[in-house]
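Notes follow the structure.
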Amino acid sequence: MLILTLLLFSIVMTEEASLAPPEPIFQYIDEHQNEYVQRLKDWVAIESDSSNPLKREQVIKMMHLAEERLKQLGGIVELVELGVQELPNGNTTRLPPVILANIGMDPSKTTVCFYGHLDVQPAKLEDGWSTEPYILTEKNGSLHGRGTSDDKGQVLAVLHAVEALQLYELPVNVKFLLEGMEEVGSTGLFKLVEQRNSTFFSDVDYIVVTDTSWISNKPGITYGTRGQCYFFIEVECAKQDLHSGTFGGIIPEATSDLIFLLSTLVNASGHILIPGIYDAVAPLTEKERKIYETTEFDAEKIKAKFGIKNFTYNTKEELLMRRSRYPSLSIHGIEGAYSESATKTVIPSRVIGKFSIRLVPNMEPSVVIKQVTDHLYKKFAERKSPNHINITCVISAKPWISDVEETQYLAGRKAIKKVFHTEAEFIRSGGTIPIASHFQEVTGKSILFLGIGGPDDAPHGQNEKINRYNFIEGIKLYAVLLQELAFLIKQHDIERIPTNIPVSISYFEGLLEGHNNEDH
């Protein structure tokens with residue numbers, strides 16, 4: 001038994017030694033960082049705004065550029081067509097294809113699938129950007145441009161990590177699922193995941209999502225995201241726009257009704273006023289509370305960065321919980337009302353209010369939709385307006401939460417320690433990535449969110465950026481993650497060797513010899 005123990009210890013220690021910080025790989029990444037930034041510049045230049053049907057060809061162009069890069073890495077790439085999308089005006093437009101790719105198909109290795117998206121939010125210089133949003137501009141160590149952080153930069157970081165690992169040996173098989181409709185609800189993707197669960201996902205062991213940010217300057221691992229229900233309230237008062245001098249004061253106006261309805265949704269402190277909306281929220285546990293207590297969050301820095309006057313809560317812990325583990329409601333805009341800088345004395349015949357609710361675990365979208373519609377129809381009935389309203393939920397995404405004790409979370413922690421020389425923070429994100437819960441429900445695989453975006457990257461906002469440091473060190477992080485995951489799987493296999501039956505020394509000599517012949 002002593003010999004057995006020593007042999008097992010020797011194997012484990014040899015594995016540990018083989019996974020010391022891979023200096024040659026790090027050096028290669030450092031030497032090629034300008035090339036990596038140039039690739040990011042090429043990707044940012046493509047205006048892949050999925051929300052605008054007129055930009056749909058740009059999204060498709062972006063998917064083909066990613067396909068080309070994957071093939072350069074030796075990937076087997078399939079572009080899956082999803083058909084067409086019907087637009088609100090009755091027209092149709094082609095959906096961008098989804099990329100399914102394989103790099104390495106060794107049955108003896110574990111398989112990791114990376115998910116990311118290549119579409120972006122709208123951006124215009126006149127929106128308040130200090131640089132052209134689709135021209136990558138480096139300033140003070142930051143790479144500015146739409147998609148640098150969300151999510152083109154993070155996807156590229158993984159591709160660059162694979163490239164660096166291929167100089168030696170890719171320790172795992174890598175798959176990619178890249179889409180071009182994430183910013184508008186991942187149209188068509190959910191069905192595709194279900195269709196390919198028994199084929200593309202059949203040999204996948206782990207799924208890694210590269211679409212999250214850190215909450216502070218410390219690298220973090222995201223283990224939960226909020227879901228989302230996005231609503232339209234349409235109010236109509238006439239068949240056409242009316243002159244306010246002729247009709248003002250004699251008709252119930254659609255915009256006034258809409259503003260009244262919006263005012264019944266949430267109070268000044270952010271508390272949602274819809275009855276029953278908090279019923280499903282899980283009670284706070286002591287374990288959770290300790291995570292929030294130890295998480296770094298500089299509220300004053302965030303306020304200064306974004307010009308925020310004040311937050312609705314005072315303590316760090318309360319702010320972190322309110323932005324991630326509790327639901328929130330945000331009003332996004334009014335369509336149909338006159339919004340230009342000039343004056344126009346018109347009464348809009350039809351207006352649409354837009355708002356969304358971020359959901360947390362245990363909140364079901366179908367229940368929330370009913371709570372919202374019941375509340376709004378009740379309030380509208382109390383107003384006694386003769387106008388017509390219609391309430392629709394246009395996006396419905398479930399929340400997601402994972403177990404931080406799973407193997408790939410340990411691999412992520414070890415990778416962060418090796419690359420950044422600090423412990424990882426565990427984060428529950430306030431945002432929504434619709435595919436996360438669907439991956440978990442359909443595939444049953446372990447899901448890890450390991451992003452490299454900074455806390456002030458401003459994804460979706462003006463002057464989106466990613467720090468060059470995050471981008472380059474993030475490449476190293478993904479490379480080490482794959483090494484660490486491969487090591488943990490092998491270590492787990494060793495730990496499963498039975499120790500209560502006789503085993504010959506020659507068996508372990510063969511095992512050790514085979515292990516030492518492997519090239520890590």
Side-chain angles (χ1 to χ4, degrees), residues 154 206-228 269-271 278 280-303 305 311-328 358-363 397-433 436-437 439-440 446-457 459 470 473-474 477 480-481 484-485 488:
Q154 301 199 45
Y206 301 97
I207 297 175
V208 180
V209 175
T210 62
D211 187 19
T212 53
S213 300
W214 305 345
I215 201 170
S216 69
N217 289 325
K218 286 184 67 176
I221 298 173
T222 298
Y223 69 98
T225 63
R226 293 194 289 189
Q228 183 186 43
S269 66
H271 183 80
Y278 291 98
V281 179
L284 179 69
T285 67
E286 190 59 31
K287 183 179 179 180
E288 277 186 284
R289 186 184 297 278
K290 288 180 180 178
I291 290 177
Y292 292 116
E293 289 174 353
T294 57
T295 299
E296 290 187 12
F297 182 74
D298 191 335
E300 294 305 315
K301 184 178 179 180
I302 297 297
K303 285 197 291 186
K305 164 72 178 180
F311 288 116
T312 51
Y313 295 89
N314 296 321
T315 68
K316 175 192 73 172
E317 291 78 13
E318 193 68 27
L319 286 172
L320 289 172
M321 286 189 282
R322 292 294 167 181
R323 72 185 291 275
S324 62
R325 83 164 315 276
Y326 291 110
S328 66
R358 299 285 179 169
L359 315 183
V360 296
N362 299 335
M363 294 178 72
K398 290 184 177 181
W400 164 82
I401 195 163
S402 188
D403 180 3
V404 298
E405 303 300 326
E406 292 177 348
T407 301
Q408 63 173 344
Y409 282 82
L410 177 57
R413 289 169 54 194
K414 290 168 72 70
I416 283 174
K417 183 77 173 187
K418 284 190 173 181
V419 174
F420 295 100
H421 310 294
T422 187
E423 297 295 335
E425 286 194 322
F426 283 103
I427 302 167
R428 279 180 67 169
S429 171
T432 302
I433 300 179
S437 59
F439 274 146
Q440 199 165 53
S446 170
I447 316 294
L448 169 71
F449 279 51
L450 188 64
I452 57 173
D456 58 350
D457 282 356
N470 286 51
E473 298 305 303
L477 175 64
V480 177
L481 170 71
E484 290 292 343
L485 194 52
L488 288 172

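This structure is a prediction, so every number in the text was calculated from the model and none was measured.
Looking at residues two or more places apart in sequence or on another chain, you find a side-chain contact (heavy atoms from CB on, under 4.5 Å) between Thr315 and Glu317, Glu318. Not counting sequence neighbours, the partners of Asp403 by the side-chain contact (heavy atoms from CB on, under 4.5 Å) test are Glu405, Glu406. Asn217 is linked by a side chain to side chain donor-acceptor pair (under 3.5 Å) to nothing, counting only residues two or more places apart in sequence or in another chain. Applying the salt bridge (Lys or Arg N to Asp or Glu O under 4.0 Å) criterion to Arg413, with sequence neighbours excluded, gives no partner residue. By the side chain to side chain donor-acceptor pair (under 3.5 Å) test, Gln154 is found to be paired with no residue, residues two or more places apart in sequence or in another chain being considered. In this structure, Lys290 has no salt bridge (Lys or Arg N to Asp or Glu O under 4.0 Å) partners at least two apart in sequence or on a different chain. By the salt bridge (Lys or Arg N to Asp or Glu O under 4.0 Å) test, Arg428 is found to be paired with Glu288, residues two or more places apart in sequence or in another chain being considered. In terms of the side-chain contact (heavy atoms from CB on, under 4.5 Å) criterion, residue partners of Tyr278 (sequence neighbours excluded) are, by chain and number, His271, Ile272, Val281, Pro327. Residues satisfying the salt bridge (Lys or Arg N to Asp or Glu O under 4.0 Å) criterion with Glu473, sequence neighbours excluded, are Lys476. Pro219 pairs by the side-chain contact (heavy atoms from CB on, under 4.5 Å) definition with Trp214, Ile416, Phe420, Thr422, not counting sequence neighbours. Judged as a ring pair (Phe, Tyr, Trp, His ring centres under 6.0 Å), and not counting sequence neighbours, the contacts of Phe449 are Trp400.
What you find for Ile433 and Thr212 is that their closest heavy atoms are CD1-CG2, 4.1 Å. Of all heavy-atom pairs between Ser213 and Gly454, the closest is CB-O, 3.7 Å. Heavy atoms only, all atoms of each residue included: Tyr292 and Lys316 are closest at O-CE, 3.4 Å. Contact detail for Pro283 and Arg325: the closest heavy-atom pair is O-NH2, 3.4 Å. The minimum heavy-atom distance linking Pro455 with Ser216 is given by the pair CD-O, 3.4 Å.
Here salt bridge (Lys or Arg N to Asp or Glu O under 4.0 Å) pairs that include residues 291-300, with residues two or more places apart or in two chains, are Glu300-Lys303.
With Lys305 contributing its side chain and Asp457 its backbone, the two residues share no donor-acceptor pair below 3.5 Å. The backbone N or O of Ile215 sits nowhere less than 3.5 Å from a side-chain atom of Glu425 that would complete a donor-acceptor pair. A donor-acceptor contact shorter than 3.5 Å is absent between the side chain of Arg226 and the backbone of Thr432.
Atom CD of residue Glu484 and atom NZ of residue Lys417 lie 12.5 Å apart, to the nearest 0.5 angstrom. To the nearest 0.5 Å, atoms CG (Leu359) and OG1 (Thr225) are separated by 10.0 Å. Remark: Leu410 CG to Ile221 CD1 distance equals 9.0 Å, nearest 0.5 Å. Note that the CD1 atom of Ile401 and the OG1 atom of Thr222 stand 11.5 Å from one another [nearest 0.5 Å]. To the nearest 0.5 angstrom, Ile447 atom CD1 is 4.0 Å from Ile207 atom CD1. Atoms OG1 and CG, from Thr312 and Leu319 in turn, are 6.5 Å apart once rounded to the nearest 0.5 Å.
Counting heavy atoms of neighbouring residues, nucleotides and ligands inside a 6.0 Å radius, atom NZ of Lys301 does not exceed 12 of them.
Two residues are said to be in side-chain contact when any heavy atoms from C-beta on lie closer than 4.5 Å; Leu481 and Tyr206 fail this criterion.
Judged by the 6.0 Å distance and 45° axis criteria, Arg322 is positioned over the aromatic ring of Tyr326.
Residues Ser328 and Arg323 bring no donor and acceptor atom of their side chains to less than 3.5 Å of each other.
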